[in-house]
Amino acid sequence: MTSARAPRCGLAVLFLATAIGGRVTDAQSTPQPAPARPRIEPAPPPTPEDVAAWERLWGGPGALKPPEPPAAAKPSAPAPSPTPAPRDERTRFDDLLATYAAGDTAVIAREFRSAADFERVRPELVTTLSRWRSEWSPGRAAFALDIALTAFAQRWPDPGRFLAAARDIVIARPAPFGAQPADDAFELRFHRAAVAVLAALNAPRDVEHYLDSIASRVATTREGLGEGRPVDARLVLARATARELLTLPILLAAASRQDDVRRSWIAPDGDGEARRRLRAVLEPLDVAVEHADTRVEATVRRAFVLHRLGDHAGALAALDRVAAEGDAVIETWRALIRGRILAALDRPADAVAAYERAATLAPEAQTPAVALAALHLRRGTREQAVTWAARARSTPDGGRDPWPLYWTGDSRFLPGWLDELRTSRP
Amino acid sequence: VTLVRAVAVGCLLAPQAVGAQQPTFRGSAATVVVDVSVTNNGKDVPNLTAADFRLRDNGVAQTITRVTREALPIDVVCVADISSRTEGPLLDSFRRAFDEVIARLGGDDRASLVFFDPHIREIVGFEKRRLSVSAETRASSGGASVLIDALASSIVRSFDPGRRRMAVVFSDGQDAGSFLDESDVMDVAARSGVTIFAVAVTDGTTRTPQRPANVGLLSALAEVTGGAVEVVQRDEDVSVSFIRAFNAFRTSYVVQYTPAGVTGPGWHELDVRLVRPGRHTVRARKGYFGDAAPAAP
């Protein structure tokens, strides 16, 4: 067979990195006082093939729906009230911000209904966001993040520019970490939400670029620990999840540029690139397992990586060391991964039990049913296989399968985090 | 339409009592059934008999007991990617293709239809109204396609000893959302008893043709099950490929033998050839699992 045009999705997800990295450099050149920030190398621009492959796999930025706004003009929690801009600098965005701050967060979705709407106001918007860095206001940061999110949703070609501008408003705040606990909490929440946006877009390179760009403020790597900066375990886990996405078999096959590579979860000994990528996932996971609020999820992910590296016994031992938690999504992941590990250990009866637990935890999910159908067929219990396969084909399309969420990091928390940002007032 | 690999048309139809709990391969007591396609310059070769075939099971020559053609009804399942990548004229073309297949079904033939994008769903009740009703082919928004999970769950069905089974997959080969991997679906395919044909869609057109980015899996599935892969550019009418697949399967020979000198479970490699002189192309599935190939009633 001749070689096919392999998707370069591992690189395709650099889609937004240039803009985000570039904003960091821009921010350094502004005259506004700002904390020292690391210089990060701009990512190479994505090729058209990168973008096309990324769109082909995940449907492009349009896959991210605009945030569900609260009811229009709903007087929610006290909104931030940024200081009005001087009259001669005031733009329409200051007016929009005032409406937004009054509780009408749907104003952004109403004003920007297409990418063309963003194009029309781009210079004015960039200027306004830049000016907002000079005076710290959480409300402006939340507004800017919502602008970026809507830009993603409307397929504006350069949404990372707005996300970076929003980030710069936050990291330019004058007080250092520890001085203003409410501001500290807002900033961490902001970074979590921003990273979750990128994770929802299946943009792992951009997640890492974002995390690198805030390295002077928040530690998200083992190297950054113990340097007086706060550690946010969710952001550490977000780095791991981003790296894990790059180990999807289809991306590994694309990286190998061989059409006939069998795309399996298990990385063979001879596949150096796959194993290198998997080991890179373990680094942040080893940090995240040490923190209480991420221990269980990090352990589940770590077990899957160990399994994929061929250490099935180690993976099972790790998985069974942590107690179950109340998050049904994570417990479903654990049950599915446990089933796969047990099957690899030639314990099919136990694997069936694990998959059945996943099916119990997520009764409307297709993934456990598919796994059980395949496993029963392999065991020779065809009648059960047929039953589970039929169930897989008939589950309602309610988006209640936890497995796809495994690959989108903390995006499942995004609606809640956005609500908190919109209504928070340090 | 470019015929990339007119791989085997064939099928192990290991007859079994439906609902058998733990089917076992019963050695010499079992009858193994293999679909075999024979063509010469792309045309069917008619009027073949048992004496025209040579068949080896795990390297051991077998005595063919029966050869028939177009005697058994067919079950066909179409598994179609309806994600945003196939929306528009391409998906309209698929709808027409499926209608064409339905129109060619015989009285005892049966069809089923499974759509997938990030979600898998079987469409029921289409027989009476055809797929010109497009409501069911509305794609979900966003997300990664689950080709592997969809195909696996679509071909795991009850054995019916009196029927032959084929699947036609309509996809660009992309999958970034499945829980099963390629090894899993290859195993399912090998055990399923279904012959898999694939219509692989590219991003190209007839003026600037391309190959699908991930045709490797589809080719491997077709090869192991005795099916074929056709590559279709986005502006082509896919119904031609569907009809060709259906006709190829329908006109293939059904070769039966009772294994001798080979017993036990595990993978049995099949080698089917034509004794007749001439440049014939013989295609059949590559083997079967003994433990999943129970005896004929």
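Quick note on labels: first sequence line is chain A, next is B, and so on, each numbered from 1.
Shown here for A374(A) and V188(B), the closest heavy-atom pair between the two residues is CB-CG2, 3.8 Å. What you find for S183(B) and S264(A) is that their closest heavy atoms are OG-OG, 2.6 Å. Here the closest non-hydrogen pair linking L180(B) and R340(A) is CA-NH2, 3.6 Å. Counting all heavy atoms, side chain and backbone alike, Q366(A) lies closest to R121(B) at NE2-N, 4.4 Å. Heavy-atom minimum distance, I250(A) versus A176(B): CG2-CB, 4.0 Å.
Here T332(A) pairs with nothing under the side chain to side chain donor-acceptor pair (under 3.5 Å) rule; sequence neighbours left out.
Side chains of V370(A) and F179(B) form no contact here, defined as non-hydrogen atoms less than 4.5 Å apart. In this structure the side chain of T395(A) reaches within 4.5 angstrom of the side chain of H119(B), judged on heavy atoms. R393(A) is not listed as a side-chain neighbour of I123(B), based on a closest heavy-atom distance of 4.5 Å or more.
Of all the listed residues (T408(A), L336(A), T387(A)), the one sharing the greatest number of non-hydrogen pairs under 4.5 Å with chain B is L336(A).
Between the CG atom in D401(A) and the CD1 atom in I120(B) there is a gap of 8.5 Å [rounded to 0.5 Å]. Interatomic distance, S153(B) OG to L372(A) CG, rounded to the nearest 0.5 Å: 12.5 Å. Going from atom CG of D184(B) over to atom CG of L375(A) covers 9.5 Å, rounded to the nearest 0.5 Å.
Heavy atoms closer than 4.5 Å to chain B are found nowhere in R391(A), neither backbone nor side chain. The parts of W265(A) that come within reach of chain B are both its backbone and its side chain, each placing non-hydrogen atoms under 4.5 angstrom from that chain. Of the atoms belonging to V156(B), heavy atoms from both backbone and side chain fall under 4.5 Å from chain A.
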